[in-house]
Amino acid sequence: MLFSEPVQRGDEALKFLLTEAELSYPYCKATLRKGDFGRNRPVSHYPQKDGGPPGLTYPENASVSHGEDGGHAESAGLISPLSRDAKSTILFGCLFKEHTTETIDVETARKTFRTLTKVLKPGLDAFFQIERHKAQMRIQDALLSSIASPSVLMTKDKVLLAHAASGLEKLLATGSVRFKAPRFEFRNKQLEAGLQHVVDTFAENTHTALQHGHTEAPADRSGDQSVWFEDPKGQLKRITIKAVPATGTNGKSGRAPWLILKIFETSELPEALETVLQERFELSYSEAHLARHLTMSGSMNDTVQELGITKNTAKTHLRRIFDKTGVNTQLQLAKLVHGLSGLF
């Protein structure tokens, strides 16, 4: 490790390099370990010693490590951050092992170091550009199966990656989430619990698959979830949650999965559905008619007005519908009717 003593200064120097140091600037490791992080001092600022070359030297009172032969164990060296983003910093260091801080030719070392960084930088830039392209391709692949429906692709930590068919707009309209770029805040506890269940099940299936020597992503989709709820306008919504490997190809890496949320809304149901309800559950014509219209509108008041019946009549029909179908709420009835309509 470049910074061996004192440990606290070593940690501070590393933090400086990772977060603040100027990119491609040649910092002297001996200077850094002494707590001097000044950007204008690429080599040690301490005065030259015994007529030797300036820079990369210790002050008179500095403690110096010695090897078994009594010589200086510290090799001269330079280090620089070459690339930095929100997630990582790439450091490049060069040790001149044949020289100590007292014998190194500072200017030659700096020129050598700068030459190496100039050679490395284009390669790093190309690498990151390729990685960004691969990430976009993985995101597109993950959304291909959902592109026909409003859908959202996010990370396990609820960071938006992409959306299709106005998925973001549709998801926000449900009132179940807020979006503060780039992250979602879940307001619906049932939806958040469903998301966590999918993540946990995916992790368990991946762990089991790897234990048995399988490298492919889990084929078991039992962790997929459907969450039903009403939006602020009282309209029925359904959101499905599915986990896919973040690599886009398999679960070998063990990385947390991406999550695809698909948004389904109530829509026009075919009249033929009323016949299905009558034949399967022995509903009367009026009961099947009410069940279909109530599922589409999501509102008893709207249904009563549309059908031209009284509220008492509607309540009587609904009670008989519940008895015959075995459901207990309008939400359960809506799930049943949508299931029969083949919208899943």
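Fair warning: this is a prediction, and the values are worked out from it, not measured in the lab. Along the sequence shown, residues are numbered consecutively beginning with 1.
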Check ring-ring contact (aromatic ring centres under 6.0 Å, His included) between F281 and all other residues, then give those that pass, not counting sequence neighbours.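 Result, ring-ring contact (aromatic ring centres under 6.0 Å, His included) vs F281: none returned.
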
Without swapping roles, check the side chain of [X] against the backbone of [Y] for a donor-acceptor pair under 3.5 Å.
X: T325; Y: I321; result: yes
X: S151; Y: K262; result: no
X: R187; Y: R178; result: no
X: R114; Y: P26; result: no
X: Y27; Y: E22; result: yes
X: Q332; Y: N328; result: yes
X: K324; Y: E282; result: yes

Students often mix this up, so state it plainly: with edges at 30° and 60°, are the rings of F184 and F179 parallel, tilted or perpendicular?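 Judged by the thresholds at 30° and 60°, the geometry between F184 and F179 is tilted.
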
On the 0 to 90° scale, with breaks at 30° and 60°, tag the H289-H293 ring pair as parallel, tilted or perpendicular. perpendicular

Considering all heavy atoms, the nearest [X]-[Y] contact:
X: T240; Y: S226; answer: CG2-OG, 3.5 Å
X: T100; Y: A76; answer: O-CB, 3.8 Å
X: D224; Y: A243; answer: OD1-N, 4.2 Å
X: P81; Y: T89; answer: CB-CG2, 4.1 Å
X: C28; Y: L78; answer: CA-CD2, 3.8 Å
X: F322; Y: Q330; answer: CZ-N, 3.8 Å

Would you call [X] and [Y] a side-chain contact if the rule is heavy atoms closer than 4.5 Å?
X: L160; Y: V152; answer: yes
X: K315; Y: T310; answer: no
X: L18; Y: L91; answer: yes

To the closest 0.5 Å, what do you measure between [atom1] ([X]) and [atom2] ([Y])?
X: H163; Y: M154; atom1: NE2; atom2: CE; result: 11.5 Å
X: N188; Y: L195; atom1: CG; atom2: CG; result: 11.5 Å
X: R84; Y: L82; atom1: CZ; atom2: CG; result: 10.5 Å
X: E169; Y: T174; atom1: CD; atom2: OG1; result: 11.5 Å
X: Q225; Y: H197; atom1: CD; atom2: NE2; result: 4.0 Å
X: L261; Y: L168; atom1: CG; atom2: CG; result: 11.5 Å

Show which side-chain atoms of residues 120-136 pair as donor or acceptor with protein atoms under 3.5 Å away, not counting sequence neighbours.
| residue | atom | partner | partner atom | Å |
| --- | --- | --- | --- | --- |
| K121 | NZ | D125 | OD1 | 3.2 |

Applying side-chain contact (heavy atoms from CB on, under 4.5 Å), can you list everything that pairs with Q196, at least two apart in sequence or on another chain? V199, D200

For K156, does the NZ atom have more than 12 heavy-atom neighbours from other residues, nucleotides or ligands under 6.0 Å away?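 Counting other residues, nucleotides and ligands, NZ of K156 stays at 12 neighbours or fewer.
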
Does atom CD of E185 have more than 12 heavy-atom neighbours from other groups under 6.0 Å away?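 More than 12 heavy atoms, drawn from other residues, nucleotides or ligands, come within 6.0 Å of this atom.
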
Dump the intermediate steps for side-chain contact (heavy atoms from CB on, under 4.5 Å) on V304 and T313, then the final yes or no. CA-CA 9 Å; V304 166; T313 299; over 6 Å; no

Check step by step if salt bridge (charged side-chain N to carboxylate O under 4.0 Å, His left out) holds for E107 and R110. CA-CA 5 Å; E107 291 305 316; R110 290 179 64 185; 3.8 Å; yes

With side-chain contact (heavy atoms from CB on, under 4.5 Å) as the test, would you mind laying out the steps for V198 and K242 before giving the verdict? CA-CA 7 Å; V198 170; K242 176 184 177 181; 5.9 Å; no

Applying side-chain contact (heavy atoms from CB on, under 4.5 Å), run through L318 and M300 and close with a yes or a no. CA-CA 10 Å; L318 188 60; M300 178 61 82; 3.6 Å; yes

